[in-house]
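Here is the naming used below: chain letters follow the sequence lines, and residue numbers restart at 1 for every chain.
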Protein chains: 2
Amino acid sequence: MRRRVAGVGAGVEMHMARRATIDDARLLEKLGCVFRECGYEGASLAVLAKAAGLQKASLYHRFPGGKEQMAREVLAAAEALIARDILMPLKSKAPPAERVDILVRQLNGFYSAGRQACLLNMLSAAPTQEGPFAKEIKRAFAAIIAALAVALRDAGFDARSARVRSERAVMLLQGSLVLCRGMGTTRPFRDFLKRLPQELLAGRA
Amino acid sequence: MRRRVAGVGAGVEMHMARRATIDDARLLEKLGCVFRECGYEGASLAVLAKAAGLQKASLYHRFPGGKEQMAREVLAAAEALIARDILMPLKSKAPPAERVDILVRQLNGFYSAGRQACLLNMLSAAPTQEGPFAKEIKRAFAAIIAALAVALRDAGFDARSARVRSERAVMLLQGSLVLCRGMGTTRPFRDFLKRLPQELLAGRA
DNA sequence: TTGAATATACCGAACGAACGGTAAAAACAA
DNA sequence: TTGTTTTTACCGTTCGTTCGGTATATTCAA
């Protein structure tokens with residue numbers, strides 16, 4: 001009777017024998033790929049099940065909350081991954097240039113060099129009416145922008161321009177991924193990554 | 001038995017009495033709003049019909065090709081609108097700064113000050129596997145980037161940096177709209193528009 | 001160390017609802 | 001009339017979801 005908690009926690013599963021049939025993290029990753037490719041509506045249970053290598057009913061054993069819980073847990077896992085691999089390095093004590101280099105490398109892996117879309121984009125609804133994941137998405141964007149702004153402040157920018165630069169970098173990231181999907185190339189994303197360091201750090205005090 | 005042509009043409013409907021029951025352009029606009037809000041999969045015939053103020057079967061009378069034709073014609077209409085209201089002014093003889101001002105104004109209207117998402121983003125599929133509208137979307141992006149680059153060349157930039165700046169502006173536009181949807185605000189888009197002129201023209205030769 | 005009892009992981013088959021789509025007739029215009 | 005537009009009613013399919021059940025572990029009493 002674990003797995004009942006859909007929340008972000010994911011930690012409190014102690015003193016429970018792991019039963020390795022299909023690893024949870026791997027499962028979430030496979031589902032995540034589908035959501036990133038097709039979006040929420042486009043990700044049917046059929047393709048989700050096929051991607052997971054399970055039957056639909058089996059997915060419901062792991063996610064009693066159904067499709068929405070799947071997306072929610074995928075989103076939470078992505079949030080955790082971002083926090084660990086992107087936000088933490090950004091807030092480290094290393095010199096800003098080095099932090100940005102790490103950021104570039106991590107982003108490249110996270111988005112498979114531009115081949116994979118951003119979950120936050122694919123799961124977000126219209127700005128007028130908020131969807132089921134509005135809160136999480138908003139929080140994730142805010143966290144990324146804030147962490148990037150911290151690194152930029154450490155690089156010598158004042159709070160205001162650090163914030164502006166940070167937000168612009170996230171916009172460029174998202175925009176490059178949109179362009180990749182639209183143009184059928186990964187070039188925009190790769191170009192973005194190449195220019196990101198000077199985009200962030202050029203012209204600092 | 002008009003409307004058979006699903007293509008981009010939309011022009012060859014001469015010598016046919018227009019029969020104003022519900023205006024075609026207005027209809028396409030309403031459908032377009034749905035596609036921009038929900039994406040292709042999310043836009044069910046039920047909500048499309050409701051938005052159009054028609055029954056499903058009535059929609060099929062106008063779009064024998066079904067949902068795909070609806071999206072295709074909406075996309076073609078958007079392409080035409082972009083060509084007229086955005087590309088043409090960008091290629092005009094007016095001074096670059098003025099062209100950019102017009103661009104800002106048109107973009108603001110086109111995206112309802114950030115309240116409406118971009119059709120090109122909402123209709124594009126994964127970069128790995130191309131969807132039904134891949135060609136049109138790619139063409140639209142390329143046209144916008146090219147037209148913007150023309151204006152930037154006229155502003156004194158060399159071909160290479162004009163191209164880079166143009167592409168970056170489109171990325172910022174798309175990214176700002178993604179951020180608007182994700183954060184539930186129109187502020188990123190409005191900020192983008194405010195900064196767009198100097199983003200485009202600052203530092204020119 | 002057994003053997004029953006209990007959990008866990010998975011699956012085949014089916015559910016009602018909603019999907020995209022169609023046929024035929026009513027309503028309306030010319 | 002004739003032809004177009006809209007509607008009501010329906011089709012087959014797929015949707016997300018649930019049920020009943022099987023196989024494999026794990027637990028625990030004897």
Side-chain angles (χ1 to χ4, degrees), chain A residues 1-6 10 12-28 30-31 34-35 37-74 123 125 131-133, chain B residues 1-6 13-28 30-31 34-35 37-74 123 125 131-133:
Chain A
M1 190 162 290
R2 62 190 174 83
R3 292 236 126 270
R4 264 291 131 73
V5 192
V12 213
E13 293 179 13
M14 45 191 159
H15 66 65
M16 283 203 168
R18 283 287 60 202
R19 188 84 97 62
T21 42
I22 286 185
D23 183 66
D24 270 23
R26 230 170 282 279
L27 174 58
L28 281 179
K30 302 222 180 159
L31 298 185
V34 177
F35 282 116
E37 273 198 3
C38 316
Y40 186 76
E41 327 274 351
S44 73
L45 266 287
V47 317
L48 285 168
K50 180 174 290 180
L54 290 173
Q55 296 296 330
K56 286 191 287 180
S58 304
L59 281 180
Y60 269 82
H61 174 251
R62 307 228 181 175
F63 305 93
K67 187 171 160 181
E68 179 168 335
Q69 185 184 352
M70 297 180 209
R72 183 155 276 128
E73 290 203 24
V74 162
L123 289 185
F133 316 111
Chain B
M1 192 162 290
R2 62 192 170 81
R3 293 237 131 268
R4 262 292 131 71
V5 192
E13 294 179 14
M14 45 193 160
H15 66 66
M16 282 200 168
R18 265 337 5 230
R19 184 88 96 61
T21 42
I22 286 185
D23 183 67
D24 269 23
R26 229 170 282 279
L27 175 58
L28 282 179
K30 303 224 181 158
L31 298 185
V34 177
F35 282 116
E37 274 198 3
C38 315
Y40 185 76
E41 328 274 351
S44 71
L45 286 204
V47 317
L48 285 168
K50 180 175 290 181
L54 290 173
Q55 299 292 333
K56 282 192 295 178
S58 302
L59 280 181
Y60 269 84
H61 174 252
R62 307 229 183 173
F63 305 93
K67 188 170 159 182
E68 178 167 335
Q69 185 185 351
M70 298 180 208
R72 182 155 276 127
E73 290 203 25
V74 162
L123 289 186
F133 317 111

Measure from [atom1] on [X] to [atom2] on [N] and round the result to the nearest Å.
X       : N      : atom1 : atom2 : value
B:Lys56 : C:dA24 : NZ    : C1'   : 16 Å
A:Lys50 : C:dG12 : NZ    : P     : 14 Å
A:Leu48 : D:dG16 : CG    : C1'   : 11 Å
B:His61 : D:dT6  : NE2   : C1'   : 9 Å
B:Phe63 : D:dT6  : CZ    : P     : 11 Å
A:Leu45 : C:dA13 : CG    : P     : 18 Å
B:Tyr60 : D:dT5  : OH    : C1'   : 17 Å
B:Leu54 : D:dT4  : CG    : C1'   : 14 Å

Discussion item. side-chain contact (heavy atoms from CB on, under 4.5 Å), that's the test. Do B:Arg72 and B:Phe63 meet it? Break it down for me.
Written reply: CA-CA 10 Å; B:Arg72 182 155 276 127; B:Phe63 305 93; over 6 Å; no
Fill in: Sugar-phosphate, base or nothing in reach of B:Ser58, heavy atoms under 4.0 Å
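Since a base atom lies under 4.0 Å of B:Ser58, the category is base.
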Item to complete: Would you classify A:Ala49 as touching base, sugar-phosphate or nothing, given that sugar-phosphate means primed atoms plus P, OP1 and OP2, and contacts are heavy atoms under 4.0 Å?
Response: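 Result for A:Ala49 = nothing.
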Discussion item. Ring-plane angle category for A:Phe133 and A:Tyr40, please: parallel below 30°, perpendicular beyond 60°, tilted otherwise.
Written reply: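 Geometry flag for A:Tyr40 against A:Phe133: perpendicular rings.
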Practice prompt. State whether the distance check finds a donor on one side and an acceptor on the other, under 3.5 Å, for side chain B:Lys67 versus base C:dG21.
Written response: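 Counting by modelled atom types and ignoring angles, no donor-acceptor contact under 3.5 Å is found here.
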Worksheet item: Heavy-atom distance under 4.5 Å between the side chains of A:Lys50 and A:Val34, does that happen here?
Response: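 Side chain of A:Lys50 against side chain of A:Val34, heavy atoms only: no contact under 4.5 Å found.
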Worksheet entry | Phosphate contact (C:dC10 OP1 or OP2) by A:Arg62 side-chain N/O below 4.0 Å |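 Indeed, a polar side-chain atom of A:Arg62 lies that close.
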Discussion item. Please tell me if B:Gln55 has a side-chain N or O lying less than 4.0 Å from either OP1 or OP2 of D:dT6.
Written reply: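 Negative; the distance criterion is not met.
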Worksheet item: Taking the side chain from B:Arg62 and the backbone from B:Asp24, do they hold a donor-acceptor pair closer than 3.5 Å?
Response: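 No: the side chain of B:Arg62 does not pair with the backbone of B:Asp24.
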